[in-house]
Structure formats: structure tokens, C-alpha cells
2 protein chains.
Amino acid sequence: MKAWQETQLQALQTCDSEHQIFQTIVSMGAELGFDYCTYGLRLALPLSNPKIVKKSNYPTAWQAQYQTRNYCAIDPTVKHALRSSLPILWTDGLFASTADFWEEARSFGLRYGWAQSMRDSPGATGMLTLARSDETLSETELAAKAFKMAWLAQNAHIALSRRLLPKLLPEADTKLSNREIAVLRWTADGKTSGEIASIMKITERTVNFHISNAATKLNAANKTSAAVKAAMLGFL
Amino acid sequence: MKAWQETQLQALQTCDSEHQIFQTIVSMGAELGFDYCTYGLRLALPLSNPKIVKKSNYPTAWQAQYQTRNYCAIDPTVKHALRSSLPILWTDGLFASTADFWEEARSFGLRYGWAQSMRDSPGATGMLTLARSDETLSETELAAKAFKMAWLAQNAHIALSRRLLPKLLPEADTKLSNREIAVLRWTADGKTSGEIASIMKITERTVNFHISNAATKLNAANKTSAAVKAAMLGFL
DNA sequence: ATACGAGCTGTCAATATTAACAGTTGTTAG
DNA sequence: CTAACAACTGTTAATATTGACAGCTCGTAT
């Protein structure tokens, strides 16, 4: 068990490709007793149309269906994942208001499963789902495997989001100068340029200069967007 | 072991007071072999002066020292925790640039330790530190206990932040209307009121009306602050 | 039936912001 | 030495925002 975790952690952190990382996660899921495994990553930005990516070994037909019918928008496990990092078990109760979706998933062999999510500074939420067709999944089994699940969800997210993030959100690589950060911090807290000028003992012109530079770097249309992006990406 | 986790999870989630929760965490830390335990919570807001709270069973004198000298600002484990959720081991290398701080901690018996952090939607970062005076802490021991640590850091954060958050950040309890959310989303993405009016097919006046209502609810001085707060608190 | 809240709209004046122009100073890395 | 860069400042005009006034419609909960 110890050997497993050590070996696999190595594997996760040294893997070069997303594909390799995901395969490692799949095999760890298998060792926990689950054939099916999906990792979903949802970026917080842009807020009006958040980017989502998935790596999955679910049946292809189901993945396609999920995509085309935009089940992501109604999937209760996704809803839960965005709110809480507690593990969530697939139960009838959970899918009470989305019975058709649930029926359809089961018809593809996705019958017993659970998921756990995890968040990090660049405003990304990752959800790891483990599922299988055959054996029921009891609260007891879940409790017994909670440690490993917590660890796996965490490390899967760290390993995969590190690869996926720069591609999906180039702004995440931006470097802001100290002044830009300071000015954006006050901006995000609701100070006007004039107030920030007083606080920092510089001209209002200079404040606006820094804000505008930061907005350009962050690919933001105005200071509001710049402040939000910088805050969400953890620059402030 | 299974019994331990189940019992303790119960304990964590049914505890009424912060104090009880923290005591439960301390006892779990002790079972992992660590006498000392600290949970620190850092809210992202306000950005220019983030709120921080700690629960700790470190020697009182050290806690006081840490506080008065504002060691939080230089503590490398805190820096790490804000960037990454990977566990971090107290090593000489880690404290290379803060040797005095490190020496002083050791003089209080805080010699071997590690920490792991965890983030959640309301923009809060929690860090759990486990430490002891006597036995050295090897990478091997760390690896062996990584599962439990991941689980403990996660659940400690969930349980404690749930209690601490509403007190520290009353805005977290705000309810925004659907319109307010929609308008703030576009605002956060950098749209002007006029653009949002077109998108949502309402008057510019109405857009500003919703923004202003949201800002009042969120206790924000202007729309930039409202957008940042709403985004950080996960309302958007 | 009536009160309440969400959603919506109007106008006007005071402030704040952005865009576009042009430039100085001081530090640091090659 | 010099190129690059962060930090800083100035002016002007066009746009955007906020604050403070006031009032309508629709649904739903008492």
C-alpha cells in the first residue's frame, strides 16, 4: 500500500503527457475497485462562459451523449462539486430531479459511483469520479476508501491541472509587477484611482497607468475585468 | 483504522463549537504521531488586508511571538500553502532564507513538522500543520501518512471554515437575485453597462440598477469591488 | 385583496474611467 | 555603456459610472 502510493505519486509527478497522467489515475482508480474514471476541470474564467475539459474512460457513446445534450449543466454531481469538496455518492436521492439523465447513465453501465472535487488558486475546480457497473457501493466501502480518494482527487487535480491550465488560460502565466499588483489590490477592494493615488502617494495618472498596463497583460477589457482576473488567478 | 476515520468524521461534522472541532483534529493529529497542531485560515478578502485566524495548540509563548513579530508574512510554509495544495515538509532548505525564524521555532520545540493546505469556493485557504519535538520526520513516514493527511487537511478545513467563515466574512451569506448574478457576471468579464444592456435586452439604466443593488448587498463601494467579491465568493 | 419583492425604466449632474498623445528617472543585466 | 524595463508624470476629450430623484408591472405569499 505504501509502495503503491509512493510509486504512483512518482508516476503522477513525472509523467510528461496528460494522457500518461490520466492513465496513471485510471489504474489507481482500478486498484480502488472502479473500472470507470473521469476527471473534469472547470475554469472559473471567463465567468460568463466557463471553460470545461474532461478526461474520461467512460463508454464513448455516453461521453458523446453527455456532451451533445449538455448534461454538464444539469449533472447534480457537478453542481455539488462546485460547492463542496466533500465526496458525493451516487444515490437515487441525488438524482431525484434528473431521473432521465440518471437512467441513461445507468444504461451505459455507469451504475455505482462517487466523486470528489478540489479547488486551487488559479480558480480551477477539478472533479474526480470513480464508477463501476457491478458491485453496489456502500457508505461503508466509501468510508474505508475515503483517505485514498481524498489523496487521489487532490493529486490528480494537481497533476492534470498543471498541464491543462496554461493551454486553456494563457493569462495564468502572466507576471505582474509589484506596483501593478498593489494598484489592482486596492482597485479590487473598491478604491477609485484618486483614492489609490493618495494611499500610495503617487499621481492619479500613475495609478491609471499601472492599471492599464495590468489590464493589457491580463487581456482584460477594463479595470473591473483586470481586478477580477487577477484576483481569481491568485495574483493579489 | 476504518473505525477511527468513521468515528472522527462523525465527530467533525456534528461538533457544535469550533473548539470541539479543533480538539477532534488535535486528537487525530496525535494519532498520526504529532503533538502539535495548527489550523490557519486565510480569507482572500479584503484583498488589501486579508483576514487570518488560527487555532493552535503550539506553546502559548511561541504563538504570541509569531503574532507580534508578524511571522505570518515571512513563514515559508504559509507562502507555499497559498500556492500549492501539496504537502510541505519542514526542511532546512525550506527555511533557508528565514533562518532566525526557524531557529526560534525550534527553540520552542517545534522541530519536525509538515503542512498541507486546501482551498474552497468562498475564497478561503486553510492550512493544517502537524509537528512534534522528538522524532525526526522522514520522507518515508510522510509518504506513508499522506493519505490520512490529505483527508485530514480537507475535512479539518471543511469543518472549521464552515464555522469561521460567516463570522469573518458576513458577505458570504448574501443572496443575490438571478438578474444581479447575470449582470455581475458580464461586468466581471469586462463588459460595460451599455454592452450588458444589449446582451440582456434591457436598458442601461436597469443594468446599473442591478449592479448597484448587488453592490449594496455585497457591501461593496463600487461595481469593481462588487464583481470581485461576488466572483471570489463563488456567486458567479 | 394587499403587501412585498424582483424586475424594470426615466432624467440629470457630478465623478471616474479610458484612450491617445508624449515624456523623465533610476536600476539592472548583458 | 547601453538597452530594457519598472515606475512615474502630464494633457485633453470622449465615455462610463454613480447617486439621487421617482414611478410602473408582475407574481406570489399572507
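In what follows, chains carry the letters A, B, and so on, assigned in the order in which the sequence lines appear, proteins first and then strands, with residues in each chain numbered from 1.
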Would you mind reading off the distance between [X] atom [atom1] and [N] atom [atom2], rounded to a whole angstrom?
X: W186(B); N: dA16(D); atom1: CH2; atom2: P; result: 18 Å
X: I196(B); N: dA16(D); atom1: CD1; atom2: C1'; result: 12 Å
X: N213(B); N: dG5(C); atom1: CG; atom2: P; result: 12 Å
X: L184(A); N: dA7(D); atom1: CG; atom2: P; result: 12 Å

For W186(B), the option from V207(B), I196(B), L236(B) that meets side chain to side chain contact (heavy atoms under 4.5 Å, CB included):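 It is I196(B); the other options fail the test.
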Sole candidate of L47(A), L43(A), N49(A) that passes side chain to side chain contact (heavy atoms under 4.5 Å, CB included) when paired with L45(A):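 Of the listed options, the one satisfying the test is L47(A).
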Donor-acceptor check, side chain of Q154(B) to backbone of L86(A), threshold 3.5 angstrom: yes or no?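 No, because the side chain of Q154(B) does not come within donor-acceptor range (under 3.5 Å) of the backbone of L86(A).
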Can you build the contact string for nucleotides 13-25 of chain C? Use B for base contact, S for sugar-phosphate-only contact, and - for no protein heavy atom under 4.0 Å. ---SSB-BBB---
For K55(B), look at atom NZ and say whether over 12 heavy atoms of other residues, nucleotides or ligands are found less than 6.0 Å away.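 It does: K55(B) NZ has more than 12 such atoms within range.
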Looking at side-chain heavy atoms only, is the closest gap between T187(A) and T224(A) below 4.5 Å?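 No, side chains not in contact.
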Are the side chains of L41(B) and L160(B) in contact, using a 4.5 Å heavy-atom criterion?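 Of all side-chain heavy-atom pairs linking L41(B) with L160(B), none is under 4.5 Å.
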Check this one for me: any side-chain N or O of H210(A) less than 4.0 Å away from OP1 or OP2 of dA6(D)?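 So the side chain of H210(A) is outside the cut-off, no N or O lying under 4.0 Å from OP1 or OP2 of dA6(D).
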I'd like to know whether S161(B) forms a side chain to side chain contact (heavy atoms under 4.5 Å, CB included) with Y39(B), so could you lay out the CA-CA distance, the side-chain angles of the two residues, the decisive distance to 0.1 Å, and finally the verdict. CA-CA 10 Å; S161(B) 69; Y39(B) 171 78; 4.0 Å; yes
Relative to the 5' end of DNA chain D, which residue comes earlier, I202(A) or K217(A), by the nucleotide with the nearest heavy atom?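 Counting from the 5' end, the first nearest nucleotide belongs to K217(A).
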Using five base pairs at each end to define the local axes, how bent is the helix from dA1(C)-dT30(D) to dG30(C)-dC1(D), to the nearest 10°?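 Inter-axis angle at the termini of the helix from dA1(C)-dT30(D) to dG30(C)-dC1(D): 60°.
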Give, ordered by number, those residues of residues 173-180 of chain A having at least one heavy-atom distance below 4.0 Å to an atom of DNA chain C; if nothing qualifies, reply none.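 Output list: empty, so none.
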Geometric class of the Y71(B)/Y66(B) ring pair [parallel <30°, tilted 30-60°, perpendicular >60°]: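 Rings of Y66(B) and Y71(B): perpendicular, as their planes differ by over 60°.
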What is the ring orientation for W90(B) with F95(B), classed by angle as parallel under 30°, tilted 30 to 60°, or perpendicular over 60°?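 Ring orientation of W90(B) relative to F95(B): perpendicular.
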Please give me the minimum heavy-atom distance between D120(B) and R119(A), naming the atom from each residue.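 Where D120(B) meets R119(A) most closely, the heavy atoms are C-CD, 3.3 Å.
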Is there a side chain to side chain contact (heavy atoms under 4.5 Å, CB included) between T38(B) and M127(B)? Walk through the geometry before answering. CA-CA 8 Å; T38(B) 292; M127(B) 174 170 78; over 6 Å; no
At 4.0 Å (heavy atoms only), tell me whether T206(A) reaches a base, stays on the sugar-phosphate, or touches nothing.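 It contacts base atoms.
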